[in-house]
Novice: 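Submitted below is the structure of interest, expressed as structure tokens.
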There are 2 protein chains.
Amino acid sequence: MTLSRGLILSSQMSELSPPSPLSNKAAHHHGNLRPALIEAGLGILIEEGLDKLTLRRCAARAGVSHAAPAHHFDGVAGLRAAIAQEGFRIFRNYMLDARNNAGADPHARLRAICRGYIYFAVDFPDLFELMFNNKVIKDVTSLPAQPDTANGYDVLKDSCAPFVAPGTDPVVVESQVWSLVHGFGSLMQTGRFGGLSPDDPCGPLFAPVMALLDQLPVYRDPQSGA
Amino acid sequence: MTLSRGLILSSQMSELSPPSPLSNKAAHHHGNLRPALIEAGLGILIEEGLDKLTLRRCAARAGVSHAAPAHHFDGVAGLRAAIAQEGFRIFRNYMLDARNNAGADPHARLRAICRGYIYFAVDFPDLFELMFNNKVIKDVTSLPAQPDTANGYDVLKDSCAPFVAPGTDPVVVESQVWSLVHGFGSLMQTGRFGGLSPDDPCGPLFAPVMALLDQLPVYRDPQSGA
DNA sequence: CGCTGCAATTTGACACTGTAAACTTTCCAC
DNA sequence: GTGGAAAGTTTACAGTGTCAAATTGCAGCG
């Protein structure tokens with residue numbers, strides 16, 4: 001399951017290198033500047049940190065002039081939102097991978113996506129911070145008809161479904177799980193939750209904290225139908 | 001209990017207006033620039049938002065030149081850390097107030113401090129974001145021998161004590177509670193957790209989510225001794 | 001083929017920010 | 001008083017976001 005971590009970043013990119021219009025060689029127009037800028041931003045975020053993520057630096061890394069990004073993003077906020085959106089896609093893949101490698105037991109599957117959640121927060125702390133920055137998250141998660149598949153909420157929702165009592169709002173269980181795991185992911189980077197180690201990437205407190213979810217009763221087993 | 005909210009900010013300040021050295025009239029040295037800058041920063045944070053919190057703006061609001069803060073803080077990061085530290089003091093008072101207005105029941109007390117936690121996040125979203133910004137929180141919570149009373153963790157710890165099973169590490173329950181409430185506070189500002197209303201400041205999902213903590217067994221009643 | 005039009009990119013400029021150095025003022029200790 | 005440290009000011013410089021005005025390269029059309 002740890003195989004899912006450390007993925008090659010470019011293989012996760014969505015907009016990156018689309019059909020590539022057949023030998024679009026050295027067009028002065030660069031061709032795909034927008035995805036190139038997003039990738040540059042992700043690289044800066046990972047290698048240099050959130051405070052180094054600037055418009056001009058992204059432009060330089062993509063090999064264009066400092067004002068070029070203005071034609072593809074609505075200011076620096078737009079660039080950050082686009083990078084966050086790409087981050088949510090990687091984030092979702094982390095949870096999907098973790099879930100796919102789990103068994104059929106609802107509790108095991110829930111723990112799995114939580115582990116994927118935390119793996120992502122550990123692997124990309126600056127990207128995680130950018131994505132869940134109060135300002136950015138509002139923009140990204142409330143985009144026009146933004147589907148749950150764009151931010152991974154669908155994976156969480158799906159894994160919470162077995163624990164939803166009939167006749168109750170699913171968002172209750174979803175909020176419980178999401179709050180717990182997101183709070184853990186945020187606070188873990190404090191250092192107060194114990195140091196991380198290569199063989200224990202989620203820290204020694206991950207399992208005990210997530211044990212709180214073991215008490216959730218199973219109302220519906222998605223495998224066996226109703 | 002809602003009395004505790006909307007406190008006059010200056011009354012919460014710690015460094016603000018110390019002994020005031022007896023008619024320190026119009027000293028060109030301003031006297032108490034450091035606390036004045038912190039208060040200016042808090043005002044900017046509340047009135048204008050986190051992105052407007054700059055060294056020069058704080059200096060202007062305090063009525064000094066733009067380079068004056070350099071003599072009191074280690075760059076802009078130092079100013080932000082100092083403001084966050086002041087924020088943690090207010091934050092702690094929010095939890096203390098909420099707890100003091102609760103009864104003796106351990107679960108009720110725990111719910112109370114969680115409500116104080118969320119009240120603070122709702123009242124000061126930008127300050128909340130600054131305080132729990134991954135970069136800043138590390139500085140503030142890991143200051144030299146920073147006691148738990150400086151960031152409110154002592155209040156949380158105290159309220160979790162009744163739920164700590166004998167022979168187990170208290171940090172487990174503390175992490176469970178803190179993760180849940182902090183995650184809720186962070187994610188609430190997404191808008192996904194339902195709109196806030198004046199008479200329901202924590203949103204409609206607060207109670208259902210915190211119900212997860214009702215299952216915690218009480219091992220020790222602090223009122224009746226062991 | 002040459003021309004126009006358009007979109008992408010560049011260049012230049014401006015305001016704002018953080019930071020450092022040099023300077024000025026104020027006050028305290030001696 | 002005098003020296004010196006502390007507190008603030010002034011000046012300067014490198015980055016940053018953003019805008020307006022060129023400039024470049026391509027596509028379509030005469």
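For clarity, every value in this text was computed on a predicted model and none was experimentally measured. Hydrogens, waters and symmetry mates are skipped; everything else that's a heavy atom, side chains included, is used. The sequence lines fix the lettering, A, B, ..., with proteins before strands; numbering per chain opens at 1.
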Novice: Under the rule for salt bridge (Lys or Arg N to Asp or Glu O under 4.0 Å), what residues qualify as partners of A:D154, not counting sequence neighbours?
Specialist: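 Per chain and number, A:D154 pairs via salt bridge (Lys or Arg N to Asp or Glu O under 4.0 Å) with A:R92.
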Novice: Can you name the salt bridge (Lys or Arg N to Asp or Glu O under 4.0 Å) partners of B:D148, sequence neighbours left out?
Specialist: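 Expected list: A:R192.
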Novice: Could you tell me the separation between the CG atom of B:L37 and the C1' atom of D:dT9, rounded to a whole number of Å?
Specialist: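 In whole Å, D:dT9 C1' lies 14 Å from B:L37 CG.
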Novice: With respect to the phosphate group of D:dA6, does any side-chain polar atom (N or O) of B:H72 fall under 4.0 Å of OP1 or OP2?
Specialist: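 No.
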Novice: Roughly, in whole Å, what's the span from CG in B:L33 to C1' in C:dC27?
Specialist: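 Value for this atom pair: 17 Å.
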Novice: Stem list for DNA chain D, please, built from Watson-Crick and G-U wobble pairs under 3.5 Å and keeping only runs of at least 3.
Specialist: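 Stems found: C:1-30 with D:1-30.
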Novice: For residues 55-64 of chain A, pull every pair meeting side chain to side chain donor-acceptor pair (under 3.5 Å), keeping only residues two or more places apart or in separate chains.
Specialist: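 Every pair satisfying side chain to side chain donor-acceptor pair (under 3.5 Å) with a residue in residues 55-64 of chain A: A:E47-A:R61, A:E48-A:R57.
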Novice: Give the rounded distance in Å between these two atoms: CG of B:D51 and C1' of C:dG18.
Specialist: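 Nearest whole value for this atom pair: 17 Å.
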Novice: Going by ring pair (Phe, Tyr, Trp, His ring centres under 6.0 Å), name the residues that satisfy it together with A:F184, two or more places apart in sequence or in a different chain.
Specialist: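 Listed in chain order: A:F193, A:F206.
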Novice: Could you run down nucleotides 11-17 of chain D 5' to 3' and tag each one B, S or - for protein heavy-atom contact under 4.0 Å?
Specialist: BB---BB
Novice: How would you list, by chain and number, every residue that makes a side chain to side chain donor-acceptor pair (under 3.5 Å) with A:N133, sequence neighbours excluded?
Specialist: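 A:N133 satisfies side chain to side chain donor-acceptor pair (under 3.5 Å) with no residue once adjacent residues are dropped.
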Novice: Can you measure B:D74 atom CG to C:dT19 atom C1' for me and round it to whole angstrom units?
Specialist: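 In whole Å, C:dT19 C1' and B:D74 CG are 11 Å from each other.
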Novice: Please name all residues satisfying side-chain contact (heavy atoms from CB on, under 4.5 Å) with A:L55, sequence neighbours left out, ordered by chain then number.
Specialist: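 A:L55: side-chain contact (heavy atoms from CB on, under 4.5 Å) contacts with A:P69, A:V76, A:L79.
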Novice: What is the distance from CG of B:N32 to C1' of D:dG8, rounded to the nearest Å?
Specialist: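 Atom-to-atom, B:N32 to D:dG8, this comes out as 15 Å.
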Novice: Ignoring hydrogens and geometry, is there a side-chain-to-backbone donor-acceptor pair from A:D126 to A:L50 under 3.5 Å?
Specialist: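 Side chain of A:D126 to backbone of A:L50: a pair is present.
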Novice: Considering residues at least two apart in sequence or located in another chain, which fulfil the ring pair (Phe, Tyr, Trp, His ring centres under 6.0 Å) criterion with B:Y153?
Specialist: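 Ring pair (Phe, Tyr, Trp, His ring centres under 6.0 Å) check on B:Y153 returns B:W178.
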